[in-house]
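Here the structure is laid out as structure tokens; the discussion comes afterwards.
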Protein chains: 2
Amino acid sequence: MQSSTRGRSAGRPRSAAADTAILAATRAALVELGWSKLTLGDVAARAGVAKTTLYRRWPGKNELVVDAVAELFDELRLPDRGSLAADVEGVVSQFAAILARPEARSGLMAVVAESTRDEALRERIRSSIVERQKRLVVEGKSRARARGELPPQTDPAEEGRTADLVFDVVAGAVVHRTLVSAEPADDTWIRGFTRLLLGGLREA
Amino acid sequence: MQSSTRGRSAGRPRSAAADTAILAATRAALVELGWSKLTLGDVAARAGVAKTTLYRRWPGKNELVVDAVAELFDELRLPDRGSLAADVEGVVSQFAAILARPEARSGLMAVVAESTRDEALRERIRSSIVERQKRLVVEGKSRARARGELPPQTDPAEEGRTADLVFDVVAGAVVHRTLVSAEPADDTWIRGFTRLLLGGLREA
DNA sequence: GCGCTTTCGCTACGGGTCGTAGCGTAATGG
DNA sequence: CCATTACGCTACGACCCGTAGCGAAAGCGC
């Protein structure tokens, strides 16, 4: 008999504080234990909530970690530094700083790996993490085009393809440098990468 | 084969057939179950060996999957196609084909994620997977230099840095395209990527 | 052949995590 | 005051882990 209107009115409301506590506890557990040794029971204990509360809000470990890591990317911005090269260096630097944090290193690749067999999880990652990054690429390109640093683009389909391409190159390079090669994406590296991205291999 | 003389001689030798059976079973399990649901008991059953045999040869799931996936990269070659662009397209195409296989998709990122907290595992990945790929980059660059497509490089330290950089860009882009963006690195994409890599953003 | 050594298959076990069910209590809105 | 929903807590079967112990098998040196 739900008096309808919206299902969201009757009963005790969910504690918003619990949400933030759980996500913070998840990140703390990622730092201390890493992905594989992280257990939901441990996260619940750290957050001061019951394990059942956790399961009422997230389907499982994968989705929880995606949400916990996604918050790390909230700080990503694209400040206008005056030139395309400076803009690229700026955003890559921010991205590298996030990936240098242990909670991101441990969690991000693990959920991406899981997402290869879980369509819903992949969509969750895409909407809460990837899409936000990709928007920076689109904005940066249009800004450079307004400055005259890049030729105007007529075909919108072609424009979308190159934006995707550039995004995969930038994000992929930083991730690979940080997690696979396991060496820091410091200023020297970032300058070299920006030069390669803008001028190509023949000028590097 | 393998005529004696070296340290190991006494006792029953380890079955080489068991090794190949176990690694093949591991890949099959990766395809069917993915990383998270893969259990060593299941792999042992598929391979027709006892679980204890498996633990005698590999420390755990991580190392086993690294070795199983590493074999997929044995086929990686750098055929001489006459130009730098064609060489790049060729090797990227091979790399993309490997990453398109489900056993690579499921396993590779998972072990990389684990390696962020396990130095020995990272070294195992580096020596058995990454180093082999990186050599292709070095060889391709020197070949292009011999053709006159790239300027000669004087400083060997600088040369090493750019080789590392190019490697991270190439491998990272393909991995990101395949696993994060979850779209195929087909011929169209490969051509666009090669053009971006060689000519830079201003020519793309 | 004969032992010595190492590996193999098998069984069994304690320890840990999972995800859920059940229950009584707490916090809202009508 | 009552209906409704969230919460904390406990308990549970199921599963996987990694190891120990056993007898049997398979090479090697003699």
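Just so it is clear: chains get the letters A, B, ... in the order the sequence lines come, proteins before strands, and each one is counted from 1.
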### Task
List the steps, then state whether side chain to side chain contact (heavy atoms under 4.5 Å, CB included) holds for A:Trp35 with A:Glu103.
CA-CA 9 Å; A:Trp35 163 267; A:Glu103 59 269 40; over 6 Å; no
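Sparse packing is recorded around CZ of A:Arg195, with 12 or fewer heavy atoms of other residues, nucleotides or ligands lying under 6.0 Å away.
If you measure from atom CG of A:Leu64 to atom P of C:dT17, you get 16 Å, rounded to the nearest angstrom. B:Leu54 places its CG atom 13 Å from the C1' atom of D:dC17, with the value rounded to the nearest Å. Between A:Lys61 atom NZ and D:dC16 atom P the separation is 16 Å, expressed in whole Å. Atoms CZ (B:Arg14) and P (C:dG9) sit 12 Å apart, rounded to a whole Å.
Between A:Arg12 and D:dC7, a side-chain N or O to OP1/OP2 separation shorter than 4.0 Å is absent.
A:Arg132 places a side-chain N or O within 3.5 Å of a backbone atom of A:Ser128 that can act as its donor or acceptor partner. A:Arg202 places no side-chain N or O within donor-acceptor distance of the main-chain N or O of A:Gly199, the cut-off being under 3.5 Å.
A heavy-atom distance below 4.0 Å to DNA chain D is reached by these residues of residues 15-43 of chain B, ordered by number: B:Thr39, B:Leu40, B:Gly41.
With sequence neighbours excluded, the residues satisfying side chain to side chain contact (heavy atoms under 4.5 Å, CB included) with A:Ala47 are A:Ala21, A:Ile22, A:Ala25, A:Val49.
In this structure, A:His176 and B:Phe167 have perpendicular ring planes: the angle between them is above 60°, well past the 30° mark.
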Between the protein and nucleotides 9-13 of chain D, list every N/O to N/O distance that falls short of 3.5 Å.
{"residue": "D:dC9", "atom": "N4", "partner": "A:Thr52", "partner atom": "OG1", "Å": "2.9"}

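Across D:dC7, C:dG19, D:dT19, the shortest atom-to-atom separation from the side chain of B:Tyr55 is found for D:dT19.
Looking at every heavy atom in both residues, B:Leu99 comes nearest to B:Ala104 through CA-CB, 4.4 Å.
Between B:Thr53 and A:Gly11, the residue whose closest nucleotide on DNA chain C is further toward the 5' end is B:Thr53.
Ion pairing between A:Asp87 and A:Arg147 holds under the 4.0 Å rule for side-chain N and carboxylate O.
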